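Structure first, commentary second.
Each ligand, and each atom within it, is numbered from 1 in the order the structure gives. Quantities reported herein were computed from a predicted structural model and do not represent experimental measurements.
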Amino acid sequence: VSEPPAAAALVTDLVGDRADGWDRRGRIPVDVLRELGSKGLLCAEVPARLGGLGLTSVPNGELTAHTGALCSSLRSVMTSQGMAAWAIGRFGSEQQRVSYLSRLTTGELVGIAFSERAAGSDLSAMSTEIHVEGDCVVVEGKKVWVTGAAYADLLVVIGRFGDGAAAVVVPADAPGVTVRRVPDPLGCRAAGHADVDLAAVRLPSDALLRGAGQPLTMLVTAALTYGRLSVAWGCVGILRACLTAATRHARSRHQFGKALAEHQLVGRHLAELLVGEQVATRVCEHASRCWDSGSPEMITAAVLAKHVSAGHAARGASTAVQVLASAGARDGHVVARAYRDAKLMEIIEGSNEICQLVLADHALAAAS
Ligand SMILES: Cc1cc2nc3c(=O)[nH]c(=O)nc-3n(C[C@H](O)[C@H](O)[C@H](O)COP(=O)(O)OP(=O)(O)OC[C@H]3O[C@@H](n4cnc5c(N)ncnc54)[C@H](O)[C@@H]3O)c2cc1C
């Protein structure tokens with residue numbers, strides 16, 4: 001697998017018609033994740049010399065959307081693996097990049113942990129401590145809702161380091177690490193969300209990524225920007241799945257002597273879904289181009305893409321359920337799953353409100 005079409009075909013093959021079963025059981029078989037990981041598909045922007053596909057952001061985004069259309073849980077795992085890999089690539093030394101990224105492209109799985117009970121939207125309240133003791137690095141803290149942690153071999157943990165912050169790579173089976181699945185999440189039920197306790201975890205000092213001590217906001221914003229863009233593309237996938245399901249149903253189901261699609265109010269629903277899919281795709285493409293060119297607009301473009309796409313996905317999934325009505329109003333239907341999954345997209349990687357605050361700051365700065 002070295003080309004996006006082959007990568008997308010492999011995802012289609014491996015998911016098949018199993019996404020609903022995974023969702024109901026709350027588990028993706030780990031061999032599926034390892035197979036995708038071993039082909040570099042879970043972090044496809046990693047350079048080919050380190051086992052990734054070396055994709056630029058638009059083709060990686062399209063692969064993410066393709067995955068998101070089939071299974072948002074798998075797409076969530078892909079987002080976290082990509083975000084963790086990106087953080088290692090950005091903050092790691094060359095030796096750390098070679099050592100960790102080649103593991104992440106040969107089947108090992110990783111989650112990335114920012115959030116804590118008292119530090120959700122406000123990550124500046126995080127209390128996880130990372131410090132150096134002799135030739136060890138010690139990590140102490142409690143992280144929550146870490147996507148993919150239930151499957152992970154490694155965890156990238158963000159914490160305080162002196163007056164600044166640092167990221168450290170923690171083996172999930174290191175002494176002092178406890179991983180507990182979040183029970184019964186509303187959506188993305190098979191994404192392996194887990195709370196992670198780190199009780200005086202001692203690691204060799206090379207587990208600490210280079211650049212330790214930088215300001216927390218810089219570290220967090222850099223890592224989250226990849227995640228926001230990836231979630232935004234995942235939302236494009238949700239919208240595409242909903243548009244396909246709604247149009248098929250509206251063509252084939254008849255009421256009052258004609259196809260649902262011929263009733264103008266149902267047609268309006270389909271138009272709204274198409275608008276949502278197109279608008280989300282365009283904002284994602286723009287943000288991806290900013291990402292690839294290293295544009296100073298990149299951070300705002302990613303927030304805008306995430307905010308716009310998540311809003312359209314949440315409204316679009318609700319619209320799709322409306323079009324299918326009883327046919328989509330049960331667990332096991334793609335639009336019912338999309339409805340639950342899409343709501344979470346308005347919470348993660350910066351909730352609607354946090355995105356709006358960032359965008360308002362941008363508007364004010366641009367106007368001054
Ligand atoms: C499915 C899922 C996956 C996740 N995956 C990860 C992961 O992989 N790694 C990780 O570290 N974390 C993860 N999280 C945690 C996620 O990042 C947080 O849930 C998110 O940042 C919101 O924090 P909170 O839930 O504590 O809500 P809170 O911060 O308590 O916010 C509650 C509400 O208040 C609003 N609010 C908060 N502050 C303001 C403000 N200043 N102005 C206006 N409104 C405000 C919020 O927008 C929200 O609507 C995940 C969460 C979920 C649900």
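Within a 4.0 Å radius of atom 33 (C) of ligand 1, the protein has no heavy atom. Put simply, atom 44 (N) of ligand 1 has protein non-hydrogen atoms near it, under 4.0 Å away.
For atom 29 (O) of ligand 1, the closest non-hydrogen atom on the protein side is Ser121 OG, 2.7 Å. At the shortest separation from atom 51 (C) of ligand 1 among protein heavy atoms lies Ile348 CG2, 3.6 Å. Of the protein's heavy atoms, Ser115 OG, 3.4 Å lies nearest to atom 17 (O) of ligand 1.
Cation-pi check for Arg210 over Phe161 is not met; the charged atom does not lie both under 6.0 angstrom from the ring centroid and within 45 degrees of its normal.
Checked options Asp20, Asp23, Asp184; the residue passing with Arg340 is Asp23 (criterion: salt bridge (Lys or Arg N to Asp or Glu O under 4.0 Å)). Glu277 pairs in a salt bridge (Lys or Arg N to Asp or Glu O under 4.0 Å) with only one of the listed residues (Arg240, Arg315, Arg282), which is Arg240.
Using a 4.0 Å cut-off to heavy atoms of Leu344, the atoms of ligand 1 that qualify are 1 (C).
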- prompt: Can you check side chain to side chain donor-acceptor pair (under 3.5 Å) on Glu45 and Trp291, steps first, answer last?
  reply: CA-CA 12 Å; Glu45 286 186 39; Trp291 175 266; 3.1 Å; yes

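Ligand 1 lies out of reach of Gly111, whose nearest heavy atom is not under 4.0 Å from it.
For Thr147, a nitrogen or oxygen atom sits less than 3.5 Å from a nitrogen or oxygen atom of ligand 1, counting backbone and side chain alike.
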